[in-house]
Amino acid sequence: MSFSKEDIIRIAKEENVRFIRLQFTDLLGTIKNVEIPVSQLEKALDNKMMFDGSSIEGYVRIEESDMYLYPDLSTWVIFPWVTDSRVARLICDVYMPDGTPFAGDPRGILKRCLKEAEEMGYTAMNVGPEPEFFLFRTDEKGNPTTELNDQGGYFDLAPMDLGENCRREIVLTLEEMGFEIEASHHEVASGQHEIDFKYADAIKAADQIQTFKLVVKTVARQHGLHATFMPKPLFGMNGSGMHAHQSLFKGNENMFYDESDTLGLSKTARYYMAGILKHARAFAAITNPTVNSYKRLVPGYEAPCYVAWSASNRSPMIRIPASRGLSTRIEVRNPDPAANPYLALAVMLKAGLDGIKRQLDLPAPIDRNIYVMSEEERIEEGIPSLPSDLKEALNEMIRSHVITEALGEHALAHFYELKEIEWDIYRTQVHEWERAQYMTLY
C-alpha cells in the first residue's frame, strides 16, 4: 500500500500507536532500529531523525558518525502482537548529513543495482524468496537448546509436526501485516519449516524477508520456542536455504519468457542465467556469508554444491520451475537465510545483468544427478563447485570486478574486514570435534 505523511499521522492517532520503530539493516543483515515516541513521528517523516552510525557494523568511523533515517512511507505497518503500548514500524534508507545516500546502506546498494537495470530498460526485478528455518525448544530460562520441537518430515502434519500451531500463527501474523502467503509446510528435516509468500519487486521482497525473520522469531518465542535462520544448525540433517526465484520485467512483459523457445526461455533469461553461473563463486560470500553456510553446501543434503542449471533436476544451483508466461522465472538455490537480503539480491542482479550486457553463452543443462557423478565426470562436463569454505569465497569475491562494483568500495572493504575476522576466529578456535578425535590418539 502507499501512504502519505498525513495518512500515517492519522492512522497512528486512530490506532493509538505509542511508539514507532525506524528500522534499517546493517552490513551483516541484522535489523537495527531507533524507537521513537509518537510525538516525534512528524519529525521522522520529515527525514530529520538522526542516529549514531559509528555504532553500526560496517557503517562509519566515530568522527563521521551523524547519519539520517529517511522512512519509506510504503513500509508503514502496525505490529499485530498485543502489548500495553501499540508499536508501528517504518523501514528507512540511510543518508549522510549532506543529503546524499550512504554508500554502505545495504538497501541503497540494492537500489543502485536496480537503477542500472532500469537504465537497461528493465522496470522491475521480481523476486520470490523461500527462507527456511528451524524451531528449537528453549530451557527454563528461555535460552535455546539443541532439542528440536518435532520429529516430522517433508509435508508432515500433526501429531508428527508439533510446530504446526506455531507456524499457523506466524502465517496469520504475516497476513495481518500485509503478506500474501501462498503455502506453509514442514520441511525435510525434523524441526524445519518453510513459509512461502508471493513474489514482489526486489526492494519489497528484501524488506519482506527482514520482516518475516522478525515475525518468525517473535511468534516462536511466544510459543516457548527459538527460531533460527542459521544455515546448518545440526550435523547430519538438511540445512536451511533461501531459494530466490527471480525474473526481469519491462512494464507488464516478462522478459524471461519466449513461447517459441523449446523451454519457453528467452535469450534474456539465458544470458541472465549465464551471468549468474559465471559469477556464482564470486558472489557466494554474500549469498552464503557465514562459516556455517559452507557446512550446508555439501553433497547429500539437497543443497546445491555445483555451478550448473537444469529445467527439472534439483541438484544444480539453478532450476527452472515449470510455470511459463508471466510466471517464467529462474530459481537460484544456493543462497541461505543468513544472507543480507539486500546485498544478496544486489549481487545476483548485477551478475545477471553482466550476462545480458556481454551476451554470455549459457552452458548446456545438466539433467543428471550431479551428486552421484565422479569428480572426473564433473570436470568433463565443465561443472565447477561452489567455494568449500568462507575463506575461499572471500578470495573469489575480491577478485571479481562485477561483484566488487555491485557492493561499492565502502561496503566491500567493511564486509571483507568483518568476514576475515570471523574466519580467523573460526580458524584458530579449537573445536570439540578436534578434542574427540585427537585427545587420546596423540
Side-chain angles (χ1 to χ4, degrees), residues 28-29 129-134 154 187-189 191-192 194 209 228-246 273 276-310 313-319 330-341 343-345 347-348 351 363 366 368-375 377-379 381-400 403 415-416 419-420 422-423 426-427 431 433:
L28 299 181
E130 296 177 346
E132 298 167 342
F133 60 95
F134 277 84
Y154 198 53
E187 258 298 339
V188 174
Q192 188 183 32
E194 180 179 315
I209 291 168
T228 181
F229 292 92
M230 180 181 179
K232 184 84 167 184
L234 296 172
F235 173 73
M237 296 176 64
N238 284 20
S240 292
M242 187 174 69
H243 302 166
H245 296 249
Q246 48 200 280
M273 269 199 291
I276 293 281
L277 295 174
K278 174 76 173 176
H279 301 292
R281 286 177 55 81
F283 66 58
I286 302 297
T287 55
N288 307 90
T290 70
V291 164
N292 181 254
S293 295
Y294 297 87
K295 306 289 178 74
R296 167 181 168 255
L297 299 179
V298 295
Y301 297 97
E302 299 193 5
C305 320
Y306 306 111
V307 183
W309 75 280
S310 173
N313 183 5
R314 290 176 184 266
S315 62
M317 195 185 99
I318 298 179
R319 185 180 75 91
I330 71 169
E331 178 189 14
V332 184
R333 297 169 58 80
N334 68 296
D336 67 52
N340 182 323
L343 297 185
L345 295 182
V347 294
M348 286 190 284
I366 304 297
R368 296 172 56 195
N369 183 351
I370 306 177
Y371 296 137
V372 301
M373 293 170 66
S374 67
E375 185 177 356
E377 287 176 307
R378 293 197 302 271
I379 292 172
E381 293 282 355
I383 304 173
S385 296
L386 286 165
S388 59
D389 57 45
L390 180 60
K391 179 61 175 175
E392 184 182 347
L394 290 170
N395 290 341
E396 291 283 344
M397 179 185 72
I398 60 173
R399 287 198 292 263
S400 169
I403 303 307
F415 182 86
Y416 183 80
K419 289 300 167 179
E420 277 279 282
E422 179 180 332
W423 173 255
Y426 171 74
R427 182 185 63 83
H431 301 273
W433 181 90

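Hydrogens, waters and symmetry mates are skipped; everything else that's a heavy atom, side chains included, is used.
- Within a 6.0 Å sphere centred on NZ of K419, other residues, nucleotides and ligands contribute more than 12 heavy atoms.
- The minimum heavy-atom distance between C305 and V298, with the atom names listed, is SG-C, 3.3 Å.
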- Message: Between Y294 and K232, does the side-chain contact (heavy atoms from CB on, under 4.5 Å) criterion hold? Intermediate values first, please.
- Response: CA-CA 8 Å; Y294 297 87; K232 184 84 167 184; over 6 Å; no
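- In this structure, R319 CZ and H243 NE2 are separated by 9.0 Å, a value rounded to the nearest 0.5 Å.
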- Query: Would E375 and R378 count as a salt bridge (charged side-chain N to carboxylate O under 4.0 Å, His left out) if you check the C-alpha gap in whole Å, the side-chain angles of each, and the deciding distance to 0.1 Å?
  - Reply: CA-CA 5 Å; E375 185 177 356; R378 293 197 302 271; 5.1 Å; no
- Query: Step by step, would you call M230 with T290 a side-chain contact (heavy atoms from CB on, under 4.5 Å)?
  - Reply: CA-CA 9 Å; M230 180 181 179; T290 70; over 6 Å; no
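- Considering every non-hydrogen atom in both F134 and P233, the closest pair reads CD1-CG, 3.5 Å.
- Within the 4.5 Å cutoff, the side chain of P289 has heavy atoms near those of the F415 side chain.
- At least one side-chain heavy atom of N292 sits under 4.5 Å from a side-chain heavy atom of K295.
- Counting heavy atoms from C-beta on, the side chains of I209 and M242 come closer than 4.5 Å.
- Here the straight-line distance linking atom CD of E420 with atom CG of N395 works out to 7.0 Å at 0.5 Å rounding.
- Put simply, the side chain of Q246 does not reach to within 4.5 Å of the side chain of E331, judged on heavy atoms.
- Annotation for E422 and V291: closest pair OE2-N, 3.1 Å, computed over non-hydrogen atoms.
- Once rounded to the nearest 0.5 Å, the distance linking CD1 of I366 with CD1 of I318 reads 12.0 Å.
- Side chain of E396 to main chain of F283: no donor-acceptor pair is present (N/O by atom type, distance under 3.5 Å, no hydrogens or angles).
- The shortest side-chain heavy-atom distance between M397 and Y416 falls under the 4.5 Å cut-off.
- Taken to the nearest 0.5 Å, the CD1 atom of I370 stands 9.0 Å off from the OG atom of S385.
- Rounded to the nearest 0.5 Å, atoms CG (L28) and CG (L343) are 9.0 Å apart.
- Annotation: side chain of F133 is not in contact with side chain of P337 (no heavy-atom distance under 4.5 Å).
- Once rounded to the nearest 0.5 Å, the distance linking CZ of R281 with CD of E392 reads 4.5 Å.
- Heavy atoms only, all atoms of each residue included: G239 and E132 are closest at O-OE1, 3.7 Å.
- Two residues are said to be in side-chain contact when any heavy atoms from C-beta on lie closer than 4.5 Å; M373 and I383 meet this criterion.
- R296 places a side-chain heavy atom less than 4.5 Å from the side chain of N288.
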- Message: Could you go through V307 and L386, starting from their C-alpha distance and side-chain angles, then the distance that decides it, and tell me whether this counts as side-chain contact (heavy atoms from CB on, under 4.5 Å)?
- Response: CA-CA 6 Å; V307 183; L386 286 165; 3.9 Å; yes
